[in-house]
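Residue numbers start from 1 in every chain, and the chains themselves are labelled A, B, ... in the order their sequence lines are given, proteins ahead of strands.
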Amino acid sequence: MTKKITITLPDGSQKQAQAGITGLEIASMIGVGLAKAAIAFEVNGEQRDLSDAVSEDSSISIFTIDSKEGLEIMRHTVAAQVLARAIKNLYPNAKLAIGPTIDDGFYYDFLSDKTVSIDDLPKIEKEMEKIIASNSIINKTIHSKEEAMSAFAAIDEPYKVKIIEDSTQDSNFQIYNQGDTGFIDLCRGPHLPSLEKVGAFKLTKISGAYWKGDSNNEMLTRIYGTAWKNEKELNKYLALLEEAGKRDHRKLAKEMDLFHFQEEAPGMVFWHPKGWSIYLALQNYMRKKQAANGYDEINTPLVVDRKLWEASGHWDKYRENMFITEIDEEHANEKRVNALKPMNCPCHVQVYNHGLKSYRDLPVRLAEFGSCHRYEASGTMHGLMRVRGFTQDDGHIFCTEDQIESETASFISLLSTIYADLGFNSFDIKLSTRPEVRVGSDEVWDKAENALKSAITKLDLPYSIEEGGGAFYGPKLDFVLTDAIGREWQCGTFQADFNLPERLDAEYVGEDGSKHRPVMMHRAILGSFERFLGVLIENYSGKLPLWLAPTQIVFMTVTDEVADYASKLKGRCDALNLRAELDLRNEKIGYKIREHSNAKVPLMAIIGKEEMGSNTVSIRNLSENQTNNYSIEEALTLLVDSSALPS
RNA sequence: GCUCAUAUAGCUCAGUGGUAGAGCACUUGCUUGGUAAGUAAGAGGUCACCGGUUCAAGUCCGGUUAUGAGCUCCA
């Protein structure tokens, strides 16, 4: 009567079993140890609870906490079964929303009639511990859409009802419970079979989050947490977070005296001498690189009449992000409304439009270190990473549709060498394709998307696709770097634009003697100097390579008697345009070394009687904490060579 | 913009309604020393801003601004 089925395990081996065998029974078949460690399983690529039955021939793999999947299932259970229940216990009026896993942890969203703050987390953790200690068995039942909706309507959980209502499926809704505790939750599962299997967890932060991620909806309370298979792994993760925090560019900037912000100009950087020195070194490097790659540098106005922004479409589509200025009527015949430029593109078209362009001139590559201002929402500012005033390493390539692919390829190759010079050997590439609302024909979009895709494929670079993520005027490639605490920042970008040349009437004379529209490629490699420097500082933990370091070498004396000798050496460096400093203070050498090490000065020259006597210099290297002795000429040659811009 | 939190010396932070504190940094002595903190003294404050409660506010309450974490949005 019962059917036999064949089960294929990940190693390819096969076992016969009765149809209807559960995941737990399969694990037992393989071994007692596995049955004990098992927390869920996978049937033909679909994750299931151990209590689920298998009735067909299937490929099976059993998950334990040691697998990536197992860990994620455990985190999910901690969120949906433990945290959610704790919230309901402590805040009975709370309405549960969703509780998914994220990298390294989980969160749960709920609506609360009481404000919950970070100070409440220990209390919630304690309640969670209590729930886990009960070692409740987790069961589930399967329901039709109507049953599921009425179950959650009965306990007044409107978000759960809404989720079921909006779901496209009409049966098979899984409701998990913990015995007779009265707690139930809707979930696609799977979950741990019992709370006994929960490892070590910690609630980390609390914030608001919009229901369904839509800012028009109400704001829910979100509690974030992390969970690991044991205390040791948890502590390792927490220590890692703490280490990463030390690399935060805002913290390093204070320690290294690079820049500051103040209330009178939120989101605008006050660069200090040392920070500006890094900025300039980077800018000089970029200027050299772009000049060598066919770009002509230009400069365009900061304040531009609203007429141009109306023509470009910014006034209509981007006004809420623009700083608007008005000229006082006393000083003008008519009131003029201007805007600080939020982007450089319309101005670049003005430069392109001066003089008739032939197809022989294309591609025209215009570059500008363009200072832009955008009125960003107050809550979005973040150190150098997100500011209101910033400078892009902007550029626009005016070319024909046929030139898109080769321009893409040469752009990416330039970007790759620049990122490598700056210490970034890995970065993510995202290809954003046509959005719902767009301009231009599907043929042109096909052509543009394919050109970008084909260029990137030929370079054999991995990329991900963001369907519908393109700008309304064209598809784009984004180049994404990651900061100290794992947040991703879009830096480089390469965007095809068929719209602006039309709006601002850019033309070239083709081979056929008639006028044509060029395509305009918007591109940036660093993105903005501000953001890129933020990521750069974090990537190097403040220990910048010699060519970028604000102070490259500091001459520090062991005793007053060698002050003149040290000054002379510093003078030699000045003459060679090296960034050298002199530390003649009445302090011990250990103190000076400590101080300049903390300031991340890459080279420290220790000058004492020995060096003066032998006309040498001892240079201590920050990265290796190692001192070498050089003759003066040797040292200067080495310094000049090793501090040159990468070529 | 939204939610929650924070704002005290240059920096990091303590201060539970009754005279403003510490460590580091700074200044001045002493010390002239050899590879990550010598030593003593001194100076340094409109406790973010505006208002309220109170005999009395850094402390309690309301508002504003900025900052932090996240959400939405973005280089």
Between [N] and [X], is there an OP1 or OP2 to side-chain N/O distance shorter than 4.0 Å?
{"X": "A/K254", "N": "B/U12", "value": "yes"}
{"X": "A/R487", "N": "B/A69", "value": "yes"}
{"X": "A/S378", "N": "B/G1", "value": "yes"}
{"X": "A/Q490", "N": "B/A75", "value": "yes"}

Quiz item: Side chain of A/R374, backbone of A/P342: donor and acceptor closer than 3.5 Å?
Solution: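 Checking the backbone N and O of A/P342 against the side chain of A/R374, a donor-acceptor pair under 3.5 Å is found.
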For atom [atom1], what is the distance between [N] and [M], given to the nearest Å?
{"N": "B/C47", "M": "B/A57", "atom1": "C1'", "result": "11 Å"}
{"N": "B/U59", "M": "B/U53", "atom1": "C1'", "result": "13 Å"}
{"N": "B/G15", "M": "B/U6", "atom1": "P", "result": "12 Å"}
{"N": "B/A9", "M": "B/G23", "atom1": "P", "result": "16 Å"}
{"N": "B/U16", "M": "B/G58", "atom1": "C1'", "result": "12 Å"}

By salt bridge (Lys or Arg N to Asp or Glu O under 4.0 Å) - contacts of [X] (at least two apart):
{"X": "A/E368", "result": "A/K341"}
{"X": "A/R287", "result": "A/E297"}
{"X": "A/K251", "result": "A/E255"}

Self-check item: Annotated protein contacts, base or backbone, on nucleotides 4-9 of chain B with a non-hydrogen cut-off under 4.0 Å, one of B, S, - each
Solution: SS----
Quiz item: Distance from A/Y630 atom OH to A/I619 atom CD1, nearest 0.5 Å?
Solution: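 So the gap between those two atoms works out to 6.0 Å.
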Does [X] count as lying over the ring of [Y], i.e. NZ or CZ under 6.0 Å from the six-ring centre, within 45 degrees of the axis?
{"X": "A/K570", "Y": "A/F555", "result": "no"}
{"X": "A/K317", "Y": "A/F472", "result": "yes"}
{"X": "A/R75", "Y": "A/W228", "result": "yes"}

Exercise. Could you say whether the aromatic ring of A/F390 and the base of B/A75 stack, counting only centre distances under 5.5 Å and plane angles under 30°?
Key: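 The ring of A/F390 is stacked on B/A75.
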Check every strand shown and say whether [X] touches a base, only sugar-phosphate, or nothing at a heavy-atom separation below 4.0 Å.
{"X": "A/R374", "answer": "base"}
{"X": "A/H596", "answer": "nothing"}
{"X": "A/S215", "answer": "sugar-phosphate"}
{"X": "A/Q262", "answer": "nothing"}

Are [X] and [Y] close enough that their ring centres sit under 6.0 Å apart?
{"X": "A/F323", "Y": "A/Y375", "value": "yes"}
{"X": "A/Y419", "Y": "A/F427", "value": "yes"}
{"X": "A/F270", "Y": "A/H260", "value": "yes"}

Could you give the [atom1]-to-[atom2] distance, from [X] to [N], as a whole number of Å?
{"X": "A/M385", "N": "B/G68", "atom1": "CE", "atom2": "P", "result": "12 Å"}
{"X": "A/R250", "N": "B/A66", "atom1": "CZ", "atom2": "P", "result": "17 Å"}
{"X": "A/Y224", "N": "B/U3", "atom1": "OH", "atom2": "P", "result": "16 Å"}
{"X": "A/M612", "N": "B/U32", "atom1": "CE", "atom2": "P", "result": "17 Å"}

Quiz item: Mind pulling the stems RNA chain B is in, i.e. runs of at least three Watson-Crick or G-U pairs, everything under 3.5 Å?
Solution: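 Stem list for RNA chain B: B:1-7 with B:65-71, B:10-13 with B:21-24, B:26-30 with B:38-42, B:48-52 with B:60-64.
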Quiz prompt | First of A/E561 and A/W489 reached from the 5' end of RNA chain B, by closest nucleotide | solution =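 Nearest nucleotide further toward 5': that of A/E561.
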Quiz item: Do you see a donor-acceptor pair shorter than 3.5 Å between the side chains of A/K592 and A/T557?
Solution: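 Their side chains do contain a donor-acceptor pair, which is all the 3.5 Å distance test asks for.
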For nucleotides 23-30 of chain B, tabulate all protein N/O to nucleotide N/O atom pairs closer than 3.5 Å, reporting atom names and distance.
residue, atom, partner, partner atom, Å
B/A25, OP1, A/Y591, OH, 3.0

